[in-house]
Amino acid sequence: MKLISESTYEIKKSTFISYLYEDFELEKFKEIMKELKKKHKKARHICFAYSYEKNNIVFKKYNDDGEPRGTAGIPILNIIEQHKQRNTAIIVVRYFGGKKLGASLLLRSYSKSANLNFKK
């Protein structure tokens with residue numbers, strides 16, 4: 001897997017750091033997640049989504065990592081699909097800024113953070 005881009009988005013003092021990886025490999029993805037958890041020890045959430053194809057079968061997975069259900073992983077996966085990407089993973093690290101964002105703003109924030117990687 002190779003890191004293609006990294007972006008940062010801030011809203012109401014919460015910071016979202018998004019990483020886009022291509023050439024997906026499940027074992028390498030697990031290593032990257034461990035590294036990011038070490039690097040971002042003070043982060044409140046590390047959410048992700050990926051989509052990869054193997055033998056003409058598409059595998060998809062997402063995780064909200066404690067955020068309200070459907071506000072992080074699914075929006076990230078939707079961005080991957082909107083850009084028609086395969087063998088791609090997006091990981092978004094969130095540092096809580098002290099103010100709750102609410103479900104709809106969280107959803108928009110994770111979507112925007114993930115999408116910023118495609119605008120570079």
Side-chain angles (χ1 to χ4, degrees):
M1 285 178 57
K2 61 183 173 186
L3 179 63
I4 301 301
S5 69
E6 178 182 332
S7 63
T8 302
Y9 173 68
E10 195 170 311
I11 184 166
K12 294 189 177 185
K13 297 183 182 178
S14 279
T15 302
F16 296 81
I17 305 167
S18 179
Y19 301 91
L20 170 66
Y21 292 90
E22 288 184 351
D23 299 330
F24 186 87
E25 296 173 38
L26 189 55
E27 289 306 313
K28 187 67 176 160
F29 175 78
K30 291 176 183 178
E31 290 174 26
I32 290 168
M33 285 296 292
K34 285 180 186 177
E35 290 171 18
L36 287 176
K37 286 179 181 182
K38 284 181 188 176
K39 180 179 178 180
H40 298 283
K41 286 181 183 177
K42 294 187 178 186
R44 180 74 60 95
H45 306 280
I46 300 179
C47 306
F48 69 83
Y50 61 72
S51 175
Y52 72 97
E53 189 171 343
K54 186 174 184 179
N55 300 325
N56 293 321
I57 300 171
V58 176
F59 299 89
K60 301 175 187 179
K61 186 171 182 178
Y62 61 86
N63 186 297
D64 293 323
D65 191 35
E67 292 285 27
R69 188 173 172 192
T71 61
I74 289 176
I76 297 167
L77 182 60
N78 287 340
I79 295 299
I80 292 171
E81 291 179 338
Q82 283 174 11
H83 289 276
K84 297 176 175 45
Q85 298 293 303
R86 287 280 183 267
N87 304 315
T88 300
I90 297 178
I91 303 166
V92 180
V93 177
R94 178 184 178 205
Y95 286 90
F96 182 63
K99 294 184 179 184
K100 291 189 177 188
L101 301 180
S104 65
L105 189 53
L106 265 178
L107 189 147
R108 289 193 308 271
S109 297
Y110 277 102
S111 292
K112 181 166 185 160
S113 181
N115 199 39
L116 286 172
N117 290 298
F118 293 101
K119 300 202 186 260
K120 294 187 175 194

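Bear in mind that the values here come from a model prediction, so they are computed numbers and not experimental data.
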Original post:
What residue pairs, at least two apart or across chains, pass side-chain hydrogen bond (donor to acceptor under 3.5 Å, both in side chains) with a residue in residues 21-33?
Top reply: none
Interatomic distance, [X] atom [atom1] to [Y] atom [atom2] [nearest 0.5 angstrom]:
{"X": "Ser18", "Y": "Tyr110", "atom1": "OG", "atom2": "OH", "result": "10.5 Å"}
{"X": "Leu26", "Y": "Tyr52", "atom1": "CG", "atom2": "OH", "result": "5.0 Å"}
{"X": "Ile90", "Y": "Tyr62", "atom1": "CD1", "atom2": "OH", "result": "15.5 Å"}
{"X": "Ile17", "Y": "Ser7", "atom1": "CD1", "atom2": "OG", "result": "9.5 Å"}
{"X": "Met1", "Y": "Leu20", "atom1": "CE", "atom2": "CG", "result": "9.0 Å"}
{"X": "Ile91", "Y": "Asn63", "atom1": "CD1", "atom2": "CG", "result": "11.0 Å"}

Original post:
Judged by modelled atom types alone, do Asp64 and His45 share a side-chain donor-acceptor pair under 3.5 Å?
Top reply: no
If every non-hydrogen atom of [X] is compared with every non-hydrogen atom of [Y], which pair is closest and at what distance?
{"X": "Ile46", "Y": "Ala43", "result": "CG1-CB, 4.5 Å"}
{"X": "Lys99", "Y": "Lys12", "result": "CB-O, 4.2 Å"}
{"X": "Asn87", "Y": "Glu53", "result": "OD1-N, 3.1 Å"}
{"X": "Ser51", "Y": "Gln85", "result": "OG-O, 4.0 Å"}
{"X": "Thr71", "Y": "Pro68", "result": "OG1-O, 2.6 Å"}
{"X": "Cys47", "Y": "Ala72", "result": "SG-CB, 3.6 Å"}

Original post:
Side chains of Asn115 and His83: does their closest heavy-atom pair fall under 4.5 Å?
Top reply: yes
Original post:
Please walk me through it: do Ile11 and Arg108 pass side-chain contact (heavy atoms from CB on, under 4.5 Å)?
Top reply: CA-CA 11 Å; Ile11 184 166; Arg108 289 193 308 271; over 6 Å; no
If hydrophobic clusters are built from ILVMFWY residues whose side chains come within less than 4.5 Å, do [X] and [Y] share one?
{"X": "Leu101", "Y": "Ile79", "answer": "yes"}
{"X": "Tyr50", "Y": "Ile74", "answer": "no"}
{"X": "Val93", "Y": "Leu106", "answer": "no"}
{"X": "Phe16", "Y": "Leu116", "answer": "yes"}
{"X": "Ile57", "Y": "Phe29", "answer": "yes"}

Original post:
Testing Glu35, Met33, Lys39 for side chain to side chain contact (heavy atoms under 4.5 Å, CB included) with Lys37, which one passes?
Top reply: Met33
Subject >> Residues clustered with Leu107, ILVMFWY side-chain links under 4.5 angstrom >> reply: none
**OP:** Using the side-chain contact (heavy atoms from CB on, under 4.5 Å) rule, take Lys60 and Ile80 through it: C-alpha gap first, then chi angles, then the decisive distance, then the call.
**Re:** CA-CA 10 Å; Lys60 301 175 187 179; Ile80 292 171; over 6 Å; no
**OP:** Check the pair Tyr95 / His40 against side-chain contact (heavy atoms from CB on, under 4.5 Å), numbers first and verdict last.
**Re:** CA-CA 9 Å; Tyr95 286 90; His40 298 283; 2.7 Å; yes
Original post:
Is there a side-chain contact (heavy atoms from CB on, under 4.5 Å) between Phe118 and Gln82 once you walk through the steps?
Top reply: CA-CA 11 Å; Phe118 293 101; Gln82 283 174 11; over 6 Å; no
